[in-house]
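Written out below as structure tokens is the structure these notes cover.
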Amino acid sequence: MIAGCSTNTTQPPANGSQTAAQTNASPDTTSSLASQPGSPQGPVETALVKPKVDACALLTSKEIESVQGEATKETKLTGQATGGFSISQCFFSLAIFINSVSLLVAQKGEGAGANDPKEFWRDTFHRKKAEEREKHRDKKKGGEAEEEGVPPQRVPAIGDEAYWVGSRVGGALYVLTGNAYVRVSIGGPADQATKIKRSKALAQKALARLY
């Protein structure tokens with residue numbers, strides 16, 4: 001496993017100062033966890049810590065350039081203990097800021113409140129899918145219209161399992177691998193299919209260096 005801490009480690013930007021590009025490609029760690037399907041509601045206790053994994057070391061500037069068309073201008077590494085996870089998040093800033101890339105690695109945290117990524121994954125992507133299927137059947141029986149909302153999209157041939165989770169401002173690729181999961185979010189004007197393809201290409205590079 002690659003461990004360590006980048007010399008340009010910084011705290012994530014405050015929610016109030018985020019631009020649209022930051023919201024899409026580089027949300028702060030607390031927001032990204034809280035916005036995931038299946039996450040507990042309410043405030044999440046967060047502490048800045050030295051990350052177990054250096055997320056910035058999992059992708060090279062050339063690899064990002066091959067996907068986004070331009071090299072990395074700056075990297076910012078953040079380590080946090082939040083929601084029962086140990087989080088390492090790297091923001092790869094590009095010259096055209098909206099094209100920037102965010103990579104997050106979530107591992108089991110420390111102490112009694114530790115959250116196992118595998119259990120979280122099952123609760124998030126499998127239990128929710130079963131609930132949605134049941135809700136869909138009930139609505140069909142009652143003759144009601146289906147609720148709006150796009151469910152997570154399965155992405156094959158990467159990690160142990162992967163899903164694309166769309167949002168109004170873009171989306172992110174989540175990949176389960178061993179006892180961790182990674183989250184890749186890229187900015188830019190590309191359509192969803194292109195972003196899934198590009199996110200998958202970057203995730204594959206990152207996973208190859210994670211263990």
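Side-chain atoms are counted along with the backbone in the values below, which use heavy atoms only and exclude waters and symmetry mates.
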#### Entry: Closest non-hydrogen atom pair between Val49 and Ala81, with its separation
CG2-N, 3.8 Å
### Message
Which residues pass the side-chain contact (heavy atoms from CB on, under 4.5 Å) test with Ser93, not counting sequence neighbours?
### Response
Glu74, Phe91, Phe97, Ser100
### Summary
Thr194 meets the side chain to side chain donor-acceptor pair (under 3.5 Å) criterion, sequence neighbours left out, with Asp191
### Task
Just jot down the side chain to side chain donor-acceptor pair (under 3.5 Å) partners of Glu65, sequence neighbours excluded, or say none.
none
### Message
I'd like to know if the side chain of Glu70 and the backbone of Ala95 have a donor-acceptor N/O pair within less than 3.5 Å.
### Response
yes
### Residues that Ser61 engages under side-chain contact (heavy atoms from CB on, under 4.5 Å), provided they are two or more places apart
Ala71, Thr72
### Query
Taking all atoms of both residues into account, what is the closest heavy-atom pair of Arg183 and Tyr174, and its distance?
NE-OH, 3.1 Å
### Task
With sequence neighbours left out, write down each residue that passes side-chain contact (heavy atoms from CB on, under 4.5 Å) with Asp116, or none if nothing qualifies.
Lys118, Glu119
### Summary
Residues passing the side-chain contact (heavy atoms from CB on, under 4.5 Å) test with Val155, sequence neighbours excluded, are Ile158, Ala162, Trp164, Leu173, Ile196, Lys200
#### Entry: Gap between atom CG of Leu48 and atom OG1 of Thr82 - 0.5 Å precision
10.0 Å
#### Entry: Residue of the set Thr60, Ile186, Leu202, Val101 for which side-chain contact (heavy atoms from CB on, under 4.5 Å) holds with Phe92
Val101
### Message
For Ser88, is there any backbone N or O sitting under 3.5 Å from a side-chain donor or acceptor partner on Gln107?
### Response
no
#### Entry: salt bridge (charged side-chain N to carboxylate O under 4.0 Å, His left out): pairs with one or both residues in residues 97-113, sequence neighbours excluded
Lys52-Glu110
### Query
Under 3.5 Å, is there a donor-acceptor pair between the side chain of Tyr211 and the main chain of Thr177?
yes
### Task
Specify the closest pair of heavy atoms between Val165 and Pro152, including all atoms of both residues, with the distance to one decimal.
CG2-CB, 4.3 Å
## Note on the structure
Scanning both residues in full, the closest heavy-atom pair of Ser185 with Gly171 reads OG-O, 3.3 Å
### Distance in Å, Leu58 CG paired with Leu210 CG, rounded so as to fall on 0.5 Å steps
6.0 Å
### Query
From Leu207 CG over to Asp160 CG, what is the distance, rounded to the nearest 0.5 angstrom?
9.0 Å
### Minimum heavy-atom distance Leu77-Pro51, with the two atoms named
CD2-CG, 3.9 Å
### Query
With under 30° as parallel and over 60° as perpendicular, where do the rings of Phe85 and Tyr181 fit, or are they tilted in between?
perpendicular
### Query
How long is the span from the CD atom in Gln89 to the SG atom in Cys56, to the nearest 0.5 Å?
9.5 Å
